[in-house]
Amino acid sequence: MNENEYENLETRLRGFQLEKPDAGLRQRVFNTSGPEQAKRDSSGWKKYAALAAGLIVMFTYVNGEIDRARFAKTETPRMPRFTAPETGSPMVDEMIHERLMLAEKIGVFRRTRIRPGITMKGFRDVESY
Amino acid sequence: MKTDEQNLMEIYDTYADGMYAYAAVLARSKDEAEDALQECFIRLLRDRESLSAVKILKPYLFAMIRNEVFRQGGRRNVAEFHEEAAGTIRLSGVFRDRIAHDEAENVRKAITRLEPGQREVVFLKVWMEMTFAEIAEILGASANTVASRYRYAMENLKKVLE
């Protein structure tokens with residue numbers, strides 16, 4: 001190929017426009033709310049501190065109920081209904097989910113569910129429990 | 001005075017379209033390409049100081065998104081990308097008429113048939129209008145290798161598109 005042929009072919013190819021990214025992506029990057037914003041927000045640590053405190057209380061409560069059901073060998077008189085909050089972290093959500101499933105299996109709770117609107121992978125079918 | 005975030009928005013407005021198109025050439029799906037673009041800018045927002053050491057922005061950003069696509073795709077190196085021959089060029093879906101649509105489809109197919117390494121070079125040279133030296137920096141190859149890949153690719157394209 002000579003120089004002209006290269007130029008002609010380049011010009012022909014450049015005539016085709018490239019697909020652009022989704023218009024909402026810019027907004028998601030620069031005006032996001034939720035975990036990503038929290039990570040970037042200078043006050044994000046406060047939210048995480050509050051979340052961590054909440055998780056510790058919840059884990060303590062759930063684990064206590066599981067142990068009581070295991071060792072007392074008795075059914076709790078009235079099994080409460082328990083709704084786990086969405087934390088925004090797939091790993092933490094999964095840990096909570098596992099504990100809740102175990103709790104339900106043992107009979108601590110009537111029914112467990114993750115709050116509607118949760119979008120984490122693997123949680124979409126939780127409502128069917 | 002502009003904030004770091006405003007500067008990054010300008011960088012996004014200037015380079016995001018090209019970075020996304022490049023990611024689409026490397027990634028296995030449109031979603032993977034968009035995820036890589038989003039992750040790159042979130043990383044830049046978190047680690048703003050990293051940009052102050054960069055001499056030439058364009059190759060840096062393109063190398064960054066290349067690494068991000070490989071990372072998200074679970075690929076350890078370029079050989080795995082070549083093995084998969086994953087992505088392709090994504091041309092805009094709006095065409096004047098049927099003929100323009102068919103020609104775009106022919107171009108897309110011809111580029112998809114190229115070896116992945118050639119496809120990358122053609123994309124960066126033709127659509128991103130980069131020099132061989134800039135492309136070499138992104139790919140971590142020599143400028144001669146890049147130029148030779150480009151020549152082979154263009155010859156192949158000429159044969160297919162004639």
Side-chain angles (χ1 to χ4, degrees), chain A residues 1-52 86-94 117-125, chain B residues 5-6 8-9 12-13 16-25 30-31 33-48 89-95 100-101 103-108 110-111 122-123 125-129 150-159 161-162:
Chain A
M1 276 174 80
N2 61 39
E3 194 110 334
N4 270 347
E5 286 174 312
Y6 275 111
E7 276 180 19
N8 289 341
L9 186 51
E10 282 176 5
T11 310
R12 186 177 164 192
L13 293 173
R14 274 191 201 121
F16 296 100
Q17 298 294 305
L18 298 166
E19 194 180 274
K20 293 181 189 313
D22 177 47
L25 200 130
R26 186 183 190 277
Q27 201 180 357
R28 288 205 293 280
V29 172
F30 293 103
N31 300 311
T32 49
S33 57
E36 285 303 342
Q37 179 67 25
K39 278 180 206 164
R40 297 195 276 116
D41 200 334
S42 58
S43 65
W45 66 272
K46 288 179 188 166
K47 295 172 194 168
Y48 278 95
L51 178 65
E86 175 187 353
T87 65
S89 157
M91 195 181 75
V92 174
D93 280 338
E94 195 165 347
I118 194 159
T119 54
M120 300 306 157
K121 276 181 189 168
F123 285 94
R124 288 184 186 127
D125 61 346
Chain B
E5 188 149 333
Q6 281 170 330
L8 265 177
M9 279 184 196
Y12 184 96
D13 293 338
D17 288 355
M19 288 169 74
Y20 165 74
Y22 183 39
V25 170
K30 185 180 170 172
D31 289 343
E34 283 190 347
D35 285 351
L37 179 63
Q38 179 168 330
E39 190 54 39
C40 277
F41 276 91
I42 286 183
R43 202 172 291 175
L44 287 172
L45 277 163
R46 274 191 226 135
D47 187 16
R48 294 159 207 215
I89 195 153
R90 298 187 75 89
L91 300 174
S92 170
V94 183
F95 301 103
H101 174 271
E103 201 187 343
E105 190 55 23
N106 287 341
V107 166
R108 196 189 61 76
I111 289 177
V122 167
F123 171 82
K125 182 87 178 86
V126 173
W127 276 279
M128 297 297 111
E129 303 188 30
Y150 183 68
R151 272 198 305 278
Y152 282 122
M154 292 299 268
E155 276 163 20
N156 285 339
L157 283 176
K158 186 172 173 259
K159 275 182 218 157
L161 293 173
E162 265 177 358

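All chains are named by letter (A, B, ...) in the order of the sequence lines, taking the proteins before the strands, and each is independently numbered beginning at 1.
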Stepwise side-chain contact (heavy atoms from CB on, under 4.5 Å) test for R151(B) and Y6(A): CA-CA 9 Å; R151(B) 272 198 305 278; Y6(A) 275 111; 2.9 Å; yes
Minimum heavy-atom distance [X]-[Y], with the two atoms named:
X       : Y       : result
V126(B) : E10(A)  : CG1-O, 3.9 Å
R14(A)  : K125(B) : NH2-O, 3.7 Å
E34(B)  : D22(A)  : OE2-N, 2.8 Å
P21(A)  : A16(B)  : CG-O, 4.3 Å

Listed partners of D35(B) passing side-chain contact (heavy atoms from CB on, under 4.5 Å), at least two apart: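 Partners of D35(B) by the side-chain contact (heavy atoms from CB on, under 4.5 Å) criterion, ordered by chain and then number, come out as Q72(B).
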Partner residues of R12(A) under the side-chain hydrogen bond (donor to acceptor under 3.5 Å, both in side chains) criterion, sequence neighbours left out: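 So R12(A) forms a side-chain hydrogen bond (donor to acceptor under 3.5 Å, both in side chains) with E103(B).
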Segment of Y22(B) engaging chain A (4.5 angstrom heavy-atom cut-off): neither
Below 4.5 Å, heavy atoms only, C-beta onward: do [X] and [Y] meet side chain to side chain?
X       : Y      : value
W127(B) : Q17(A) : no
M128(B) : L18(A) : yes
K20(A)  : Y20(B) : no
E19(A)  : K30(B) : yes

Approximate separation, where rounding is to 0.5 Å, of M1(A) CE and K158(B) NZ: 6.0 Å
Atom pair CD (Q38(B)) and CG (L25(A)), whose distance is rounded to the nearest 0.5 Å: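 One gets 5.0 Å once the value is rounded to the nearest 0.5 Å.
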Derivation and outcome, side-chain contact (heavy atoms from CB on, under 4.5 Å), residues M9(B) and R26(A): CA-CA 8 Å; M9(B) 279 184 196; R26(A) 186 183 190 277; 3.6 Å; yes
